[in-house]
2 protein chains.
Amino acid sequence: MPLAESRNASRRILSAARAIAAREGAGRITIDAVAKESGLSKGGLLYNFPTKKALLSGLLDQMLAEHRDLLGSVPEQHPLRTLRGHLETALQSEGVTDDLSIAILAAAALDPPLLDPLRVELADDLERIVSETQDAPGAMVAVLAIQGLRFQKLLNLPDGGADLRDRAIERLRTMIDELE
Amino acid sequence: MPLAESRNASRRILSAARAIAAREGAGRITIDAVAKESGLSKGGLLYNFPTKKALLSGLLDQMLAEHRDLLGSVPEQHPLRTLRGHLETALQSEGVTDDLSIAILAAAALDPPLLDPLRVELADDLERIVSETQDAPGAMVAVLAIQGLRFQKLLNLPDGGADLRDRAIERLRTMIDELE
DNA sequence: CAACGTGAACCGACCGGACGGTACAGTTTT
DNA sequence: AAAACTGTACCGTCCGGTCGGTTCACGTTG
């Protein structure tokens with residue numbers, strides 16, 4: 001099963017990279033470190049990801065794929081499904097230490113163009129979100145708040161405490177509900 | 001005038017670092033590059049900022065100082081002044097190429113603890129914002145949206161076009177007005 | 001006043017280590 | 001036998017930081 005194993009190796013490598021980023025910061029994602037963490041040899045890692053850019057863009061791809069999956073899991077006929085999906089994606093990794101979106105940081109710091117796939121995906125989603133509502137500015141504010149949520153978690157910025165944060169999320173939800 | 005001149009040198013160095021970050025990405029902030037960009041020698045730069053960490057934390061300090069200044073410029077008796085100030089700070093660098101908040105990226109990538117001063121400042125602001133309103137969750141959502149705005153600009157993420165973005169900001173403003 | 005000394009600000013060559021990537025001969029897996 | 005590695009040696013570059021100067025404005029001293 002060469003293909004399946006290759007995927008397994010890729011996943012192991014990517015999650016190793018995430019672990020390092022979560023533990024020591026995005027800047028510490030080096031080929032040697034990731035190889036060590038994943039249990040592969042350096043050669044083996046470079047067999048799967050021939051360059052560091054490929055590794056980082058693999059991280060982003062994985063993130064985008066997970067994002068797409070979650071979006072797809074929102075019932076088809078649901079109004080504002082893209083917006084709701086976005087909220088869920090942002091909330092999903094709640095509590096998980098190694099937030100995948102750290103890849104964004106690493107990619108942006110190393111080579112900003114790596115973020116291009118993310119940009120087109122996001123532009124797509126935005127368009128869809130706007131088309132799903134009559135209140136485009138309101139939806140946009142919601143999108144901004146969701147992005148703020150991601151940013152906050154990503155950088156471990158203060159959130160006013162779990163209580164306030166939960167109530168804010170609840171508020172966001174009702175805001176979205178009333179948007180329709 | 002050693003002190004004043006030193007400050008000028010520091011400012012020149014910091015703005016050089018910002019220019020590089022804006023042009024080539026936060027990851028390209030190296031001591032050599034900043035020295036070259038600022039017109040100083042490497043030794044001269046290291047005289048002003050003995051380590052790279054010091055340089056990056058200097059960037060953050062500058063950003064926080066500017067932020068505080070803008071917050072202070074909001075009329076004292078204005079209700080919700082801290083929240084409004086936050087919005088203005090986020091909007092202020094509109095169009096300016098070298099967004100200072102790139103320092104956040106650089107710092108987070110190189111050494112996450114460097115963000116600690118930002119965290120305490122933000123926690124302070126949050127507390128003040130909450131104390132200035134009866135609708136804490138609503139204010140929190142506004143804060144999140146503002147942070148999302150920053151994030152979006154920082155990473156050059158799509159914003160649905162200038163038109164939609166402006167309308168969303170307008171909406172955010174009225175949301176804040178009605179918060180009081 | 002001139003000789004000397006001092007410290008701040010700055011220069012730039014250099015060092016050592018980290019890092020991305022190559023190469024390649026062997027080993028295991030399918 | 002091909003694919004998927006392992007293990008390691010190696011290369012060149014980049015980068016952070018050191019260090020021994022140099023310049024110069026400013027006292028201090030004889």
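The structure displayed is predicted, hence computed values, not measured ones. So that the names make sense, note that chain A is the first sequence line, chain B the second, and so on, each numbered from 1.
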Could you list the donor-acceptor pairs under 3.5 angstrom formed between side-chain atoms of residues 69-76 of chain B and any protein atom two or more places apart in sequence or on another chain?
| residue | atom | partner | partner atom | Å |
| --- | --- | --- | --- | --- |
| B:Ser73 | OG | B:Leu70 | O | 2.7 |

Set of salt bridge (charged side-chain N to carboxylate O under 4.0 Å, His left out) partners for A:Asp163, sequence neighbours left out: none
What is the distance, rounded to the nearest whole Å, between atom CG of A:Leu45 and atom P of D:dA4? 15 Å
With respect to the phosphate group of D:dA4, does any side-chain polar atom (N or O) of A:Tyr47 fall under 4.0 Å of OP1 or OP2? yes
Rounded to whole Å, how long is the line connecting atom CD of A:Glu24 with atom P of C:dA18? 14 Å
Going by an N to O cut-off under 4.0 Å, is there a salt bridge joining A:Arg173 and A:Glu88? yes
Tell me whether the OP1 or OP2 atom of D:dA4 has a side-chain N or O from A:Asn48 closer than 4.0 Å. no
Could you check whether atom CZ of B:Arg12 has more than 12 heavy atoms from other residues, nucleotides or ligands sitting under 6.0 Å from it? yes
Below 4.0 angstrom, N of the basic side chain to O of the carboxylate: do A:Asp159 and A:Lys153 qualify? no
Starting at NZ of A:Lys36 and ending at C1' of D:dG7, how long is that distance when rounded to a whole Å? 14 Å
Could you check whether B:Arg23 pairs with B:Glu37 (Lys NZ or Arg NE/NH1/NH2 to Asp/Glu carboxylate O, under 4.0 Å)? yes
Reading nucleotides 8-17 of chain D from the 5' end, what letters show protein touch, with B for base, S for backbone sugar-phosphate only, - for no heavy atom under 4.0 Å? -------SBB
